[in-house]
Amino acid sequence: MLFTFIFLFVFIGNLGNISQINGWLSSVVNGNEVPVGVLASQVFSNVPATILLSGFTNNATDLMIGVNIGGLGTLIASMASLISFKFIQKENVSIAKYFGLFTLFNVLFLAANIILWLVIK
(Lines give C-alpha, C1' and ligand atoms only; values in the text may rest on other atoms or scores of the structure.)
Protein backbone atom coordinates (compact mmCIF):
# COMPACT_ATOMS: atom_id res chain seq x y z
CA MET A 1 0.00 0.00 0.00
CA LEU A 2 2.84 2.40 0.82
CA PHE A 3 4.42 1.81 -2.57
CA THR A 4 1.07 2.53 -4.23
CA PHE A 5 0.95 5.94 -2.57
CA ILE A 6 4.57 6.70 -3.40
CA PHE A 7 4.03 5.67 -7.02
CA LEU A 8 0.90 7.84 -7.28
CA PHE A 9 2.68 10.92 -5.99
CA VAL A 10 5.74 10.40 -8.19
CA PHE A 11 3.48 9.73 -11.19
CA ILE A 12 1.40 12.86 -10.52
CA GLY A 13 4.52 14.98 -10.08
CA ASN A 14 5.91 13.82 -13.39
CA LEU A 15 2.58 13.97 -15.22
CA GLY A 16 2.30 17.72 -14.69
CA ASN A 17 5.75 18.20 -16.22
CA ILE A 18 4.84 16.65 -19.59
CA SER A 19 4.46 19.60 -21.93
CA GLN A 20 1.33 18.37 -23.74
CA ILE A 21 -0.45 17.53 -20.49
CA ASN A 22 0.76 20.76 -18.88
CA GLY A 23 -0.64 22.77 -21.78
CA TRP A 24 -3.91 20.87 -21.77
CA LEU A 25 -4.38 21.25 -18.01
CA SER A 26 -3.54 24.96 -18.26
CA SER A 27 -6.39 25.42 -20.73
CA VAL A 28 -8.91 23.15 -18.98
CA VAL A 29 -8.57 23.71 -15.24
CA ASN A 30 -8.88 27.48 -14.87
CA GLY A 31 -12.57 28.30 -14.46
CA ASN A 32 -13.55 24.62 -14.27
CA GLU A 33 -11.93 23.68 -10.97
CA VAL A 34 -14.91 21.84 -9.50
CA PRO A 35 -15.79 19.53 -12.41
CA VAL A 36 -12.12 18.92 -13.28
CA GLY A 37 -11.35 18.23 -9.61
CA VAL A 38 -14.21 15.73 -9.42
CA LEU A 39 -13.14 13.93 -12.61
CA ALA A 40 -9.43 13.90 -11.78
CA SER A 41 -10.23 12.47 -8.34
CA GLN A 42 -12.03 9.53 -9.95
CA VAL A 43 -8.84 8.62 -11.82
CA PHE A 44 -5.95 9.63 -9.55
CA SER A 45 -7.58 9.87 -6.08
CA ASN A 46 -8.45 13.22 -4.55
CA VAL A 47 -5.15 14.00 -2.78
CA PRO A 48 -2.89 13.41 -5.81
CA ALA A 49 -5.47 15.20 -8.00
CA THR A 50 -5.23 18.21 -5.70
CA ILE A 51 -1.45 18.24 -6.00
CA LEU A 52 -1.62 17.90 -9.80
CA LEU A 53 -4.28 20.55 -10.37
CA SER A 54 -3.14 23.11 -7.80
CA GLY A 55 -0.42 24.36 -10.11
CA PHE A 56 -2.98 25.31 -12.75
CA THR A 57 -5.35 27.55 -10.80
CA ASN A 58 -5.45 30.39 -8.31
CA ASN A 59 -8.97 29.41 -7.24
CA ALA A 60 -8.14 27.16 -4.29
CA THR A 61 -11.71 27.28 -2.95
CA ASP A 62 -13.30 25.74 -6.03
CA LEU A 63 -10.47 23.23 -6.41
CA MET A 64 -10.98 22.10 -2.80
CA ILE A 65 -14.72 21.78 -3.37
CA GLY A 66 -14.09 19.71 -6.52
CA VAL A 67 -11.60 17.29 -5.04
CA ASN A 68 -13.58 16.89 -1.82
CA ILE A 69 -16.74 16.06 -3.77
CA GLY A 70 -14.52 13.91 -6.00
CA GLY A 71 -13.52 11.80 -3.00
CA LEU A 72 -16.84 10.02 -3.59
CA GLY A 73 -17.52 7.77 -6.57
CA THR A 74 -14.97 5.18 -7.59
CA LEU A 75 -12.96 3.13 -5.13
CA ILE A 76 -9.79 4.98 -6.11
CA ALA A 77 -11.40 8.42 -5.62
CA SER A 78 -10.23 8.54 -2.01
CA MET A 79 -7.12 6.98 -0.54
CA ALA A 80 -9.11 6.31 2.63
CA SER A 81 -11.46 4.13 0.57
CA LEU A 82 -8.51 2.19 -0.81
CA ILE A 83 -7.20 1.62 2.71
CA SER A 84 -10.62 0.46 3.95
CA PHE A 85 -10.90 -1.89 0.98
CA LYS A 86 -7.52 -3.40 1.86
CA PHE A 87 -8.81 -4.09 5.39
CA ILE A 88 -12.18 -5.47 4.26
CA GLN A 89 -10.40 -8.04 2.07
CA LYS A 90 -9.14 -9.68 5.27
CA GLU A 91 -12.66 -10.07 6.65
CA ASN A 92 -15.11 -12.86 6.01
CA VAL A 93 -17.35 -10.85 3.67
CA SER A 94 -18.24 -11.00 0.01
CA ILE A 95 -15.84 -8.67 -1.78
CA ALA A 96 -18.19 -8.42 -4.75
CA LYS A 97 -21.11 -7.42 -2.50
CA TYR A 98 -18.96 -4.91 -0.62
CA PHE A 99 -17.65 -3.40 -3.86
CA GLY A 100 -21.16 -3.23 -5.35
CA LEU A 101 -22.70 -1.54 -2.31
CA PHE A 102 -19.69 0.73 -1.86
CA THR A 103 -19.90 1.88 -5.48
CA LEU A 104 -23.68 2.30 -5.41
CA PHE A 105 -23.70 4.48 -2.30
CA ASN A 106 -20.63 6.46 -3.34
CA VAL A 107 -22.05 7.24 -6.77
CA LEU A 108 -25.36 8.28 -5.19
CA PHE A 109 -23.60 10.57 -2.71
CA LEU A 110 -21.37 11.91 -5.52
CA ALA A 111 -24.44 12.76 -7.60
CA ALA A 112 -26.17 14.37 -4.59
CA ASN A 113 -23.12 16.50 -3.84
CA ILE A 114 -22.76 17.61 -7.45
CA ILE A 115 -26.45 18.58 -7.54
CA LEU A 116 -26.08 20.46 -4.25
CA TRP A 117 -23.04 22.31 -5.60
CA LEU A 118 -24.93 23.24 -8.77
CA VAL A 119 -27.85 24.56 -6.70
CA ILE A 120 -25.78 26.69 -4.33
CA LYS A 121 -23.20 27.89 -6.85
Side-chain angles (χ1 to χ4, degrees):
M1 187 63 81
L2 180 61
F3 289 114
T4 302
F5 295 143
I6 292 169
F7 173 76
L8 259 173
F9 286 108
V10 169
F11 176 72
I12 289 299
N14 289 325
L15 191 63
N17 292 326
I18 298 171
S19 61
Q20 293 89 347
I21 294 175
N22 189 300
W24 181 73
L25 286 173
S26 294
S27 67
V28 171
V29 174
N30 205 11
N32 299 302
E33 290 83 355
V34 174
V36 172
V38 169
L39 291 173
S41 295
Q42 302 309 301
V43 177
F44 301 118
S45 192
N46 59 351
V47 173
T50 305
I51 293 167
L52 174 64
L53 301 176
S54 65
F56 299 96
T57 183
N58 291 323
N59 190 344
T61 301
D62 281 356
L63 180 60
M64 291 303 110
I65 291 169
V67 295
N68 278 305
I69 292 172
L72 296 164
T74 64
L75 185 62
I76 198 171
S78 170
M79 287 189 181
S81 297
L82 288 172
I83 293 167
S84 69
F85 184 69
K86 190 78 170 164
F87 283 115
I88 203 74
Q89 289 175 320
K90 297 175 184 174
E91 300 298 321
N92 188 22
V93 296
S94 166
I95 299 301
K97 185 176 179 181
Y98 172 84
F99 183 74
L101 288 172
F102 174 92
T103 303
L104 172 67
F105 285 112
N106 267 272
V107 168
L108 289 173
F109 284 121
L110 174 63
N113 275 276
I114 290 171
I115 291 167
L116 181 62
W117 171 71
L118 289 169
V119 168
I120 63 172
K121 127 183 162 165

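Numbers here simply count residues along the sequence, with the first being 1.
At least one side-chain heavy atom of Phe44 sits less than 4.5 Å from a side-chain heavy atom of Leu15. By the 4.5 Å heavy-atom criterion applied to side chains, Leu75 and Leu82 are counted as neighbours. Ile69 has its side chain within reach of Leu110: a pair of non-hydrogen atoms, C-beta onward, lies under 4.5 Å apart. Contact annotation: the side chain of Asn106 never approaches that of Thr74 to less than 4.5 Å [non-hydrogen atoms, C-beta and beyond].
Criterion: ILVMFWY side-chain heavy atoms under 4.5 Å apart, direct or through other members. Under it, Val36 and Val47 are part of a common hydrophobic cluster. Ile76 and Leu72 fall into different hydrophobic clusters, where Ile, Leu, Val, Met, Phe, Trp and Tyr are joined by side-chain heavy atoms under 4.5 Å apart, directly or via other members. In this structure, Val43 is a member of the same hydrophobic cluster as Ile12, with clusters built from ILVMFWY side-chain heavy atoms closer than 4.5 Å. When hydrophobic clusters are built by joining Ile, Leu, Val, Met, Phe, Trp and Tyr residues whose side-chain heavy atoms come closer than 4.5 Å, directly or via intermediates, Val28 is grouped together with Val67. Under the 4.5 Å side-chain heavy-atom criterion for ILVMFWY residues, no single connected hydrophobic cluster contains both Val107 and Phe105.
Put simply, NZ on Lys86 and OG on Ser81 are 15.0 Å apart, with the number rounded to the nearest 0.5 Å. Distance check, rounded to the nearest 0.5 Å: CG of Asp62 to NZ of Lys121 gives 8.5 Å. With values rounded to the nearest 0.5 angstrom, Leu25 atom CG is found 7.0 Å from Asn22 atom CG. We find the OG1-OH distance between Thr103 and Tyr98 to be 9.0 Å, quoted to the nearest 0.5 Å.
Around atom CG of Asn58, no more than 12 heavy atoms belonging to other residues, nucleotides or ligands sit under 6.0 Å away.
Gly71 and Ser78 make their closest contact through O-CB, 3.4 Å (heavy atoms, listed as atom of the first residue, atom of the second, distance). The two residues Gln42 and Gly70 have their closest heavy-atom pair at NE2-O, 2.8 Å.
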Under 3.5 Å, which donor-acceptor pairs do the side chains of residues 49-57 form with other protein atoms, sequence neighbours left out?
from: Thr50; atom 1: OG1; to: Asn46; atom 2: O; distance (Å): 2.7
from: Ser54; atom 1: OG; to: Thr50; atom 2: O; distance (Å): 3.3
from: Ser54; atom 1: OG; to: Ile51; atom 2: O; distance (Å): 3.1
from: Thr57; atom 1: OG1; to: Glu33; atom 2: OE2; distance (Å): 2.5
from: Thr57; atom 1: OG1; to: Asn59; atom 2: N; distance (Å): 2.9

